[in-house]
Every structure is written in C-alpha cells, then in structure tokens.
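Chain naming here is simple, since letters A, B, ... match the order of the sequence lines and numbering starts at 1 in each. Just so you know, these numbers come straight off a predicted model, no measurement behind them.
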Number of protein chains: 2
Amino acid sequence: MRIALDAMGGDSGVAEVVAGAAQYSRRPGATLVLVGQRDAIASVLALHTHDPSRIEVVHSPTFVPMEADARAALDAMPEASINLAARLVAEGQADALVSAGHTAATILATSRRLQRLDGIRRAALAAVYPTQQLHGARQDPFGLMLDVGATVGASAEELVGFAVMGSAYSRIISENSRPSVALLSNGSEANRGTPEIVAAHALLRQHPSLHFVGNVEGLDIARGSADVVVCNGFIGNIVLKMLEGFYEVAVHLARDASHSSLLWKVGLMMLQDGIQQIRSVTDWRQYGGAPLLGFDRVVIKAHGRSNARAVRNALKVAERAVAGKLVQQIVAGMAQPSESPP
Amino acid sequence: MRIALDAMGGDSGVAEVVAGAAQYSRRPGATLVLVGQRDAIASVLALHTHDPSRIEVVHSPTFVPMEADARAALDAMPEASINLAARLVAEGQADALVSAGHTAATILATSRRLQRLDGIRRAALAAVYPTQQLHGARQDPFGLMLDVGATVGASAEELVGFAVMGSAYSRIISENSRPSVALLSNGSEANRGTPEIVAAHALLRQHPSLHFVGNVEGLDIARGSADVVVCNGFIGNIVLKMLEGFYEVAVHLARDASHSSLLWKVGLMMLQDGIQQIRSVTDWRQYGGAPLLGFDRVVIKAHGRSNARAVRNALKVAERAVAGKLVQQIVAGMAQPSESPP
C-alpha cells in the first residue's frame, strides 16, 4: 500500500507534517510518498527517527498557502504539492491521499483528478465529533457527521448518498457492523424539515442496506444518538464550528476561573486528571482527520492545525480505509436495488 | 397595561403558571388576564399571596395539550385557552400575550388572530442563549437569535425583516442602543452561504438603520460575537437544541464524575459556588421566554418547562416590550427607505 502525503500543507507547515510521516514509518504500514520541497522535507526527516525504506519524496516547487483563493492558486500553480499529490493518486501511483493543507484546494484538486463513484453526485466531507454515547466495536467516543463543508445545499438523492458513504466509513473505521444513520432535522417526525430532508427521509426508509433510524434533532448531537448524522454542508459547517466554539469557550472559562480564587485554584488542581481526560477526548482535531468521500480513491483531510501526532493518525486512518476497502464498500452500498417509496 | 396569560399551557400546567402570575402581581406592573379553567385557577391562586385587584380571570373550558396536533386541536376547540387569549389580544382587551403552552399552537392561534406588520412577510420566534461576551447596557450574558422555529426556510427579504425585529427587541430588552446584527453562515465572506444568505447580506449592507456586522460562523455562537444572530427557523431550531443538548450532557458528566473518586468529589465541592454561578447563567430557560415577533401586539412564548419564576420573568419581559413600544419600533425599522444594492 502507498499513501501520498501533501508534505507542505497545514498551519505548521512541513515541520509537523513530515515529523508525523516519520513517526508513522516507525511501525509496519504503508509506504509514504511525500510531495513537497525536496530540501525542506530532507532537513525535517534528518531530525526524526524514521524508516527511509518506507518514505519516498516527489519534489514539488510550490504549494497553496492557507489564505489563498483555492481555484486561482491551483490554476496558477499546476506543480503545487496538492496538485501533484492528487495526480499521483489519480494515476494509481498511490492508494490514498492525505493532506493537512487548504481544505477547499484539497477538495478542488481532488475533484478535478479523481473519478466520482457511480451514483454519487456530490462528494462529502465527513467529520468525527465527541459524543456522550460510544460507537461501534471500538467503543469510539466519536460520532460521524457529513457533509461538513464540501457542499452548501444537498438534494434528497445526495443526502442518501451521504448516508451510504457515512455508513461504509463507520463500518470500517469504528468497526461498527450496523451503524445507525439519521437525518439532522428540526423534529423527529417524518414530515419535519426542509423539502429535501422530507424526501430523503422517505427514500432512506426504503433503503435495503442502511440502518436508518429516522430524524435526529440538535439535542441528539451531544448525546450521539446516531452513529452517522447526515445533513447538507451548510448546516454541517455551522454545527461543527459551534462544537469548536463551545470547547474554546469552556477552556477559556476554566482558565479564567483558576485565576479568581484560591478555593477555585485548589479545586481545579484536584480535578486535573479528569480535566486532562476530558481534554484528550474533546480534542478531536487530533483524531485523524476528515475523509472526503465519493471518489474512487481514499482521501483524508487532516485539520489545518494538525501536529505530528494528528498527521500520523490521519495516515493510520487512510491505511485502515484502504485495507477495509472503503471505496468498494461505498460502491456496493450504492448498487443496492433501491425500491421507490409507496 | 393588560397582559393576557394562557393559564393552562406548559408542562407543569396551571399550578406553575398561576403561581408565576401571583408572584408577578405582588410588585407594580400590568393587570393580568388569566385565561383558563376558572376553578383550577382559583384553587391555585388561593395557595399564593397575590394582588386580586391586578388579576382577572376569563373562563375557558379546554386547552391544547402539549402532545396534540396544533391545527387539529385549535380547529376542534375554538374555546381553548390559547384561542381565547389570542382573541382578547386581537380585540385590544390586552396589550400582550404570554403562553408557556404548545409552541406551534401559540404561533398558529396568534397568526390567525393578530395582524402582521407592514413589510413583515413572516413572523419569527426569537430566543436568548448564553454567550461569553456581554450585551448592551444591562450587560446581559445572553445573545438573541431568530428565527428559531416559526419558519423552516426564509427568503432574503424575510431574513432582513428578522434583522429589523431582532434589533428592535435587543434595543428594548437588553437596553442596547446600537445592537450588532449578523447573518449566521458557513464563512465570514459576503459571498458565503446559501443564495438567500448571500442576497440578504447585500440587502443588509445597504440598510440605513441597522448595525450590520456581516456574517458570523458557528464558532461565534458561544463567543457571542454579535448581539443579534439571524438565520432561518430550520437552522435556528437545530442550533438552539444543540445548546440545550450540550448543557444537558455537561450536567450529566459532572454528576457522573462526582461519583467516581474521592479526589473528584472534594474538588467539585470546592467549585460548588462557581458551578452554581455557571448554572444560573446557563439555565436560560428561566430567562423569560422567546418573543414571537412580527405582529401588531407583543407575544411572548415561555418555555414549556417554565416554573413559576420563569412565568413571572416572561410577564416582566412582556411588560418591558409593551412599555418600550416594541411594535412601533419594528414598524419604524421596516419603514426606513431601503436603497437597492449597487
């Protein structure tokens, strides 16, 4: 197995991404193809123990900066690292693509090179987020939500595609043999929501291979009532960023509180272990990145703020997705004879 | 000033609602018109100190149960308490309506009886929610969001109406002379979001009387970056219920944690005061209810779970809205000459 890694992307640039690649290479796994500035990659690799037999480098002179306009940058720089990495994967020189770089550029470069799977009209970006309930055989404290930003609106048929893709991903990554799938809506009844949600509900009820549990509401996000939550990218983006905002404010409040009184300080010290536990669960940015689903190759978008450990985790997720035959599982899910609702 | 109160609605029924009315009557304010079963109201009033000169009762034999279908129930029971209360307000026998009952029935009964204001094509339900930043001269730890459930989708013009109504409400209730208003979207740029959001952004930028600060993202909800956040009712419902879900899970986790170890128990005890402070801010259901904006009378929907204190607060909010001339402020905001975007 070979995984192409955009070595230049991410807020911390080549240093964290290549350090994560070095970490990954120290245990059995795929061969990595690092795409980026050869000298910069070599100087980071020199600092970290790694298995040189498992790391190849493909030189790319430029990359898309985080603040650039995706379309303009990709057009202006055909040799940008994400363009080259996507091309390698499209040509079959790698089985998966991992990038911590510019999200829109990753989606656009991928859409231009890779084939969309039969029946999938729109790719979707899926994200894991912390929930109260655990999920699957691995007892993951994370639910999966899609789309969180590859689309704005989504038709009923596109939402059904998201449900199939999310279920396949959950089966492989959370080892969840029968993941529950729900539509995010403003009420649990079948007739609640936008016209697209109501129509998708009717289609999903008839779907032969999905474990569709109906609509969930905003209340169910933190609870984690469903393993896979399906929505359009506009809503998914708002929900995901709300989650980030909550944890940001909670951390800020805790910091403020610890400055305010001796009693508080001592109390917080005694809770240190627990706070650390909660932090490690809620810091889901380190969990391994968001899969971009719907193409004929595995694509994992790691968070821009990924550190070395997060990059290593994203590589492990890509490896698991390829080994678990994610693409083939999605194709099989889409090929199910779908009856029309009565 | 006279306020009509649906005495029968709410999860706790007549006991909490009438107790709240009794509390309210003990300090100077409006005269209350309690609409509901005369005997039930009298027996609750007998239990609580109240000012009988400030409480009138209008008998209604029936009411809409919380689990009923709103339309069917209102049609079947023309004498239901919410129907009679809305009629009293429509006929000018009261200046405001307060209900802790069935939300959809309150909205529907109100829509059928009251006049929509000029230029307002859709009424909106607004809700306060806790934020990190404080708002207005009262330093409220709450932001305002609308619509949170009177609509599903909303056109650009309807979103502009929501912005005008939310600003007027914030000026009066938070004593915020120049409330900042934002659109909730999936990016801060003017071209991000659904077609309705992009068009509303262009209209709001040209609006002469609003302090429009552009788009906010999910991250800004917990921060409270804007005083008034505008969205359609589908998104608003999901956001508001997500907030409820978070606090529900946080309370649950804290309870679990306190059972787990002696160190945790002691730590949590030392933080008791702070936890109580946070709880009183976050228990925003007690804050006074959600205004239903867009009609020629003040309508306040208190949370179904309201206790007596929450009902009293909702009555105080209704009184402040009438005294501050909320309806006239909205009319003035809508009448501003609106230039078309370049």
- For the candidates A:Val152, A:Ile197, A:Asp220, which exhibits the highest count of non-hydrogen atom pairs separated by less than 4.5 Å from chain B? A:Val152

- Against chain B, label A:Asn186 side chain, backbone, both or neither, depending on which of its atoms sit under 4.5 Å from a heavy atom there. both

- Message: Measuring from atom NE2 of B:His102 to atom CG of B:Leu74, what distance do you get when rounded to the nearest 0.5 angstrom?
- Response: 8.0 Å

- Does B:Phe212 reach the side chain of B:Leu183, with side-chain heavy atoms less than 4.5 Å apart? yes

- Task: Flag the one option from B:Ser185, B:Gly236, B:Gly187, B:Gly193 with the top tally of heavy-atom pairs under 4.5 Å to chain A.
- Result: B:Ser185

- If we only count heavy atoms from C-beta on, is the B:Cys231 to B:Met145 side-chain gap below 4.5 Å? yes

- Message: Does any part of the side chain of B:Ile235, heavy atoms only, come nearer than 4.5 Å to the side chain of B:Leu184, both counted from C-beta?
- Response: yes

